[in-house]
Amino acid sequence: MSWLEPEPFLRGTAWRDGGRPVRADPDDLGRLPWDVAARAALPIGVRVEFRAEPGTSAVELRYRAAVPATGDALRELRHAFALWRGGRCLAEVFAEPAEETTVRLRLPPDGGEFTVHLPEAQAPVVCGLRGVGGALAPAPARPRWLVHGDSITEGWWSTRPAHAWPAVAGRALDLDPVNLGYAGGARGELPLAEHLARLPGELVTLAFGTNCWASVPASAPWLYETTRAFVGLVRRGHPAVPLLLLSPVLRPAAEHTRNALGATLAELRTAMEEAVRDLAAAGDARLVLLPGGELLGPEDLADGLHPDDRGHARIAEAVAGALRPWRGALRA
């Protein structure tokens with residue numbers, strides 16, 4: 001069994017830097033805040049998708065990753081590989097952190113099309129894959145969906161990468177989600193809008209704003225203009241693609257509490273929504289607003305900010321519903 005090159009099998013990839021999947025343009029990191037650049041080095045949402053012929057008993061993945069130093073709490077965090085077919089998880093395999101190792105996931109005997117959701121900690125890189133007892137082929141390409149956001153988009157407090165809302169909505173719509181969520185970031189950084197403009201994609205979703213309340217405080221007028229500017233820059237590269245803006249979801253501690261510039265999250269959300277409505281009224285017929293304030297209740301939040309699996313599923317359902325009318329016009 002010879003090893004296959006991984007590139008044709010990888011999905012959810014944005015850029016590559018020395019063979020590593022990264023989530024910001026490696027030639028333009030100097031304009032990004034350090035925390036965004038650091039998060040962009042993690043392969044959030046990257047997956048392996050393949051077809052296995054009947055009789056293929058397993059798929060093997062060879063990968064390498066950074067190994068935390070002795071005493072680092074992350075050293076105890078094992079790497080989880082989840083095998084999915086359609087909307088169902090068939091199996092999970094866990095591996096100890098290693099500079100290079102191989103994992104094997106057993107396949108059903110009837111073959112078919114599968115997805116392996118990869119671990120994200122320690123920036124793992126798939127070096128090769130192969131079928132055991134049968135041949136593998138790359139899964140068909142799906143329309144690419146670029147999803148920009150913060151830690152909620154990244155998938156924080158979902159129990160597995162496959163349960164983050166972009167992954168759930170991507171399965172529902174048969175899309176290839178490219179997760180461009182940056183924990184602590186997505187504060188309206190305009191260089192990221194230019195990065196998005198340069199990436200190929202057939203759908204775009206923007207889901208930022210909650211970190212504009214406190215991480216880097218914004219006023220409502222500033223966020224109104226920044227939202228218009230961000231959308232305008234994305235539109236330079238994607239003038240006609242459907243673009244959905246999801247305004248911030250519920251954050252109880254911030255809804256009516258004023259930040260350092262005097263704005264509540266409710267006021268910031270309103271400013272973003274007004275910016276989208278004004279742009280649509282000015283002629284952007286493929287710009288869609290999904291108000292986020294009513295999508296979740298406090299019971300859907302794991303820590304008062306980040307959704308649990310149920311909360312991610314609720315966001316995914318709403319996003320998929322908003323995008324579904326546009327999905328039918330895209331290639332299969």
Side-chain angles (χ1 to χ4, degrees), residues 23-24 29 31-42 44 120 147-158 164-166 179-193 195-196 205-231 233-234 244-277 289-312 314-315 318-319:
R23 299 181 303 119
L29 296 181
R31 294 195 298 151
L32 299 181
W34 71 267
D35 55 344
V36 172
R39 297 306 300 182
L42 295 177
I44 306 296
E120 298 169 344
V147 191
H148 168 73
D150 48 39
S151 57
I152 297 172
T153 298
E154 227 187 49
W156 279 37
W157 292 114
S158 62
W165 71 258
N179 191 314
L180 302 172
Y182 311 100
R187 303 174 292 251
E189 300 91 346
L190 296 184
L192 289 176
H195 289 200
L196 276 166
T205 294
L206 309 177
F208 67 96
T210 194
N211 287 333
C212 296
W213 176 70
S215 297
V216 177
S219 67
W222 181 91
L223 191 53
Y224 173 89
E225 295 296 344
T226 297
T227 301
R228 290 178 63 99
F230 201 101
V231 171
L233 288 171
V234 173
L244 173 71
L245 188 139
L246 168 63
S247 62
V249 298
L250 177 70
R251 184 175 179 177
E255 293 296 326
H256 304 293
T257 303
R258 301 202 174 274
N259 66 12
L261 293 179
T264 67
L265 183 61
E267 292 168 345
L268 295 176
R269 183 184 297 114
T270 296
M272 295 187 73
E273 294 172 358
E274 287 178 350
V276 174
R277 292 190 181 102
L289 172 65
L290 177 58
E294 302 298 324
L295 294 184
L296 303 181
E299 68 279 6
D300 299 313
L301 303 176
D303 60 354
L305 169 59
H306 301 97
D308 55 17
D309 281 349
R310 181 176 62 179
H312 277 279
R314 292 187 65 180
I315 296 173
V319 169

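Starting from 1, each residue takes its place in the sequence as its number.
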S.K.: State, to 0.1 Å, how close Pro217 and Leu261 come at their nearest heavy-atom pair, and which atoms those are.
M.R.: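 Scanning both residues completely, I find the closest heavy atoms to be O-CD1, 3.4 Å.
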
S.K.: Under the side chain to side chain contact (heavy atoms under 4.5 Å, CB included) test against Trp157, which residue among Asp303, Ile152, Leu305, Asp308 passes?
M.R.: Asp303

S.K.: Counting distance only, does the side-chain N/O of Arg251 pair as donor-acceptor with the main-chain N or O of Thr210 below 3.5 Å?
M.R.: yes

S.K.: Checking His148 against Thr205: is there a side-chain donor and acceptor pair closer than 3.5 Å?
M.R.: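 No, no side-chain donor-acceptor contact under 3.5 Å.
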
S.K.: Measure the CG-OH distance between Leu268 and Tyr224 for me, rounded to the nearest 0.5 Å.
M.R.: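 Result: 15.0 Å between the selected atoms.
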
S.K.: Between CE of Met272 and SG of Cys212, what distance do you get to the nearest 0.5 Å?
M.R.: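 The SG atom of Cys212 is 7.0 Å from CE of Met272, to the nearest 0.5 Å.
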
S.K.: If we count only N and O atoms by modelled type, under 3.5 Å, do the side chains of His312 and Asp309 hold a donor and an acceptor together?
M.R.: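 Side chains of His312 and Asp309: no pair found under 3.5 Å.
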
S.K.: Is any side-chain heavy atom of Glu299 closer than 4.5 Å to a side-chain heavy atom of Arg310?
M.R.: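 Glu299 vs Arg310: side chains touch.
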
S.K.: As an exercise, state the distance from CH2 of Trp156 to CD1 of Ile44, rounded to the nearest 0.5 Å.
M.R.: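 Reported to 0.5 Å precision, the distance equals 9.5 Å.
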
S.K.: Main chain of Ala271, side chain of Glu273: is a donor-acceptor contact present, judged purely on distance under 3.5 Å?
M.R.: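 No, because the side chain of Glu273 does not come within donor-acceptor range (under 3.5 Å) of the backbone of Ala271.
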
S.K.: If I compare all heavy atoms of Gly292 with all of Ser247, which pair ends up nearest, and what's the gap?
M.R.: N-OG, 2.8 Å

S.K.: Between Gly185 and Val36, what is the shortest heavy-atom contact and its length?
M.R.: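 That closest heavy-atom pairing would be CA-CG2, 4.0 Å.
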
S.K.: Using a strict threshold of under 4.0 Å (side-chain N to carboxylate O), is an ion pair present between Glu255 and Arg269?
M.R.: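 So Arg269 pairs with Glu255 through a salt bridge.
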
S.K.: Within the 4.5 Å heavy-atom criterion, are Pro298 and Asp300 side-chain neighbours or not?
M.R.: no

S.K.: Not counting sequence neighbours, list each pair that qualifies as a side-chain hydrogen bond (donor to acceptor under 3.5 Å, both in side chains) and has a residue in residues 256-265.
M.R.: Arg258-Glu267

S.K.: Would you give the length of the straight line joining atom CG of Leu192 to atom CZ of Phe208, rounded to the nearest 0.5 angstrom?
M.R.: 10.0 Å

S.K.: Which heavy atom in Tyr182 sits nearest to a heavy atom in Ala40, and how many Å separate them?
M.R.: CE2-CB, 3.9 Å

S.K.: So Ile315 and Leu296, side chain to side chain contact (heavy atoms under 4.5 Å, CB included) or not? Walk me through it.
M.R.: CA-CA 8 Å; Ile315 296 173; Leu296 303 181; 4.0 Å; yes

S.K.: So which heavy atom on Ala263 is nearest to which on Ala220, and how close?
M.R.: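 Looking at all heavy atoms of both residues, the closest pair is CB-N, 4.2 Å.
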
S.K.: Could you grab the distance from atom CH2 of Trp165 to atom CG of Leu295, nearest 0.5 Å is fine?
M.R.: 10.0 Å

S.K.: Taking all heavy atoms of Leu32 and all of Ala24, pick out the closest pair and write down the distance.
M.R.: CD1-CB, 3.8 Å

S.K.: What I'd like to find out is whether the side chain of Leu301 reaches to under 4.5 Å of the side chain of Pro252, using heavy atoms alone.
M.R.: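 Yes, at least one pair of side-chain atoms sits under 4.5 Å.
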
S.K.: Could you pull out all residues at least two apart from Glu274 that satisfy salt bridge (Lys or Arg N to Asp or Glu O under 4.0 Å)?
M.R.: none

S.K.: Are Leu196 and Leu233 packed together at the side-chain level, in the sense that at least one heavy-atom pair is separated by less than 4.5 angstrom?
M.R.: no

S.K.: Any chance you could measure Leu290, atom CG, to Leu245, atom CG, to the nearest 0.5 Å?
M.R.: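 Taking CG in Leu290 and CG in Leu245, the distance rounds to 9.0 Å.
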
S.K.: Please list all pairs meeting salt bridge (Lys or Arg N to Asp or Glu O under 4.0 Å) that have one or both residues in residues 149-158, counting only residues at least two apart or in different chains.
M.R.: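 For residues 149-158, and leaving out neighbouring residues, the salt bridge (Lys or Arg N to Asp or Glu O under 4.0 Å) pairs sorted by first residue read Arg23-Glu154, Arg39-Glu154.
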
S.K.: Judged by atom type as modelled, is there a donor-acceptor pair below 3.5 Å linking the side chain of Asn179 to the main-chain atoms of Thr153?
M.R.: yes

S.K.: Would you check if Pro307 and Arg314 make a side-chain contact, meaning some heavy-atom pair closer than 4.5 Å?
M.R.: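 Contact flag for Pro307/Arg314 side chains = no.
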
S.K.: Would you say that Asn211 contacts Val216 through its side chain, given a criterion of any heavy-atom pair below 4.5 Å between the two side chains?
M.R.: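 No, side chains not in contact.
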
